[in-house]
Amino acid sequence: MSNTASASTGTEPLTLITGSGRGLGRALVAAALARGRRVVGLARSGAGALVETVELDLADAGAIAAVPGRLPAGPVDLVIHNAGVRGPVNGLDGVTPEAFGEVMSVNVLAPLLLTRALLPRLAPGATVVFISSRAGSCAEGADPDRDDLYGMSKAALNRGMVKLSQHHPQRFLALHPGWLRTDMGGGEADLDPAEAAEGLMEQIDDSGLPSGWFGDYAGAKVGW
Ligand SMILES: NC(=O)c1ccc[n+]([C@@H]2O[C@H](COP(=O)([O-])OP(=O)(O)OC[C@H]3O[C@@H](n4cnc5c(N)ncnc54)[C@H](OP(=O)(O)O)[C@@H]3O)[C@@H](O)[C@H]2O)c1
């Protein structure tokens with residue numbers, strides 16, 4: 001673990017956030033810290049991190065399995081699977097074995113493997129959030145973008161989230177963060193990541209949202 005500043009050092013439950021070094025993940029770290037949460041980031045590098053960081057490449061299944069043993073002591077009551085890749089943006093031409101492997105590995109397989117590894121550490125009543133996308137919605141995801149693999153990966157992630165909600169007692173949510181001014185979303189996007197992170201934290205804090213929910217940062221349900 002790289003030892004960067006931690007906002008709190010008590011024995012309160014941990015909040016884990018993947019992709020915590022930049023973009024939405026970094027904004028989620030700040031929003032969680034502002035709520036007094038004890039946050040541990042999971043990122044490929046601890047450089048510039050706002051919190052203590054466990055270094056993790058989500059393409060490495062062995063490293064994912066080792067995460068629980070590298071965390072500080074204490075139960076985990078919130079996991080936010082935020083890290084993701086967009087992959088090719090040229091439609092069917094971009095569907096190569098390599099691109100499929102990377103997009104599905106980081107966006108789908110890694111959050112599922114990490115969830116499984118963390119199950120013994122999850123507090124009763126823990127919430128596990130998958131940062132999804134409206135692009136993964138067959139009902140609402142029609143847009144001109146040709147990020148076909150990305151949309152497929154978020155649809156698969158959503159299905160995995162529902163499966164988890166059916167078979168495990170924790171609360172599982174898939175949340176669309178909006179179109180964000182990040183490296184992935186680009187400068188023309190609608191939302192500052194801090195605004196999205198604030199909305200997402202409000203959704204997470206809303207105990208009325210049931211396990212298996214697919215909604216957006218502002219509380220609206222997203223069609224499957
Ligand atoms: N931006 C949007 O408009 C938008 C819209 C809908 C949904 N989303 C979703 O929101 C989430 C965050 O997106 P963003 O806009 O913040 O994206 P971003 O700016 O491109 O950041 C991506 C994050 O994922 C991490 N990551 C990628 N591959 C990784 C790997 N193999 N191992 C560990 N970390 C890895 C990156 O870490 P490094 O710094 O190490 O590369 C970075 O922290 C994603 O799940 C995305 O699909 C975004």
Side-chain angles (χ1 to χ4, degrees), residues 2 16-31 39-51 53-67 70 79-89 98-99 101-115 128-137 140-141 143 145 147-158 160-161 173-201 203-204 214-218 220 222:
S2 11
L16 307 183
I17 301 176
T18 68
S20 54
R22 64 184 169 101
L24 178 61
R26 189 175 166 88
L28 284 166
V29 169
V39 183
V40 175
L42 302 172
R44 280 189 281 204
S45 160
L50 297 173
V51 285
T53 300
V54 170
E55 292 188 11
L56 176 66
D57 183 345
L58 288 164
D60 182 343
I64 292 172
V67 164
R70 299 173 61 204
V79 183
I80 305 180
H81 296 285
N82 160 78
V85 292
R86 192 161 183 223
V89 292
E98 294 75 21
E102 190 203 358
V103 173
M104 292 295 176
S105 170
V106 174
N107 292 3
V108 189
L109 180 61
L112 295 176
L113 292 179
L114 184 56
T115 299
V128 179
V129 177
F130 299 91
I131 298 298
S132 183
S133 174
R134 185 168 269 120
S137 163
E140 300 183 23
D143 61 40
D145 294 349
D147 50 357
D148 298 14
L149 280 175
Y150 177 75
M152 288 181 234
S153 76
K154 293 299 189 180
L157 180 67
N158 290 348
M161 183 281 294
L173 308 173
L175 297 179
H176 167 65
W179 183 26
L180 310 175
R181 289 189 291 274
T182 60
D183 291 339
M184 185 184 293
E188 301 300 308
D190 295 330
L191 278 178
D192 186 85
E195 190 182 341
E198 187 57 33
L200 291 165
M201 290 307 298
Q203 301 315 307
I204 292 164
F214 179 26
D216 73 10
Y217 72 100
V222 180

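Just the heavy atoms: all of them, side chains too, but no hydrogens, waters or symmetry mates, feed the values below. We number each residue from 1, following the sequence as shown. Fair warning: this is a prediction, and the values are worked out from it, not measured in the lab. First listed ligand is number 1; within each ligand, the first listed atom is number 1.
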Looking only at heavy atoms, which two atoms of Ser133 and Tyr150 are closest? And how far apart? CB-OH, 3.6 Å
Ligand 1 polar-atom proximity to protein (N/O, under 3.5 Å):
unit_1, atom_1, unit_2, atom_2, d
ligand 1, 1 (N), Thr182, OG1, 3.1
ligand 1, 1 (N), Gly185, N, 3.4
ligand 1, 3 (O), Leu180, N, 2.8
ligand 1, 8 (N), Tyr150, OH, 3.4
ligand 1, 15 (O), Thr182, OG1, 2.5
ligand 1, 16 (O), Leu24, N, 2.8
ligand 1, 24 (O), Gly84, N, 3.3
ligand 1, 28 (N), Arg44, NH2, 3.3
ligand 1, 31 (N), Asp57, OD1, 3.0
ligand 1, 32 (N), Leu58, N, 2.9
ligand 1, 39 (O), Arg22, NE, 2.7
ligand 1, 40 (O), Arg44, NE, 2.9
ligand 1, 41 (O), Arg22, NH2, 2.9
ligand 1, 41 (O), Arg44, NH2, 2.7
ligand 1, 43 (O), Gly19, O, 3.1
ligand 1, 45 (O), Asn82, O, 2.7
ligand 1, 45 (O), Lys154, NZ, 3.0
ligand 1, 47 (O), Tyr150, OH, 2.5
ligand 1, 47 (O), Lys154, NZ, 3.1

Under the side-chain contact (heavy atoms from CB on, under 4.5 Å) test, which residues partner Ala155, sequence neighbours left out? none
The salt bridge (Lys or Arg N to Asp or Glu O under 4.0 Å) partners of Arg86 (sequence neighbours excluded) come to Asp145, Asp147
Ignoring hydrogens, what is the shortest heavy-atom contact between Met152 and Met104? Give both atom names and the distance. CB-CE, 3.9 Å
Partner residues of Ala110 under the side-chain contact (heavy atoms from CB on, under 4.5 Å) criterion, sequence neighbours left out: Leu58, Ile64
Using distance alone, with no hydrogens and no angle criterion, decide if Asn82 and Thr18 have a side-chain donor and acceptor under 3.5 Å apart. no
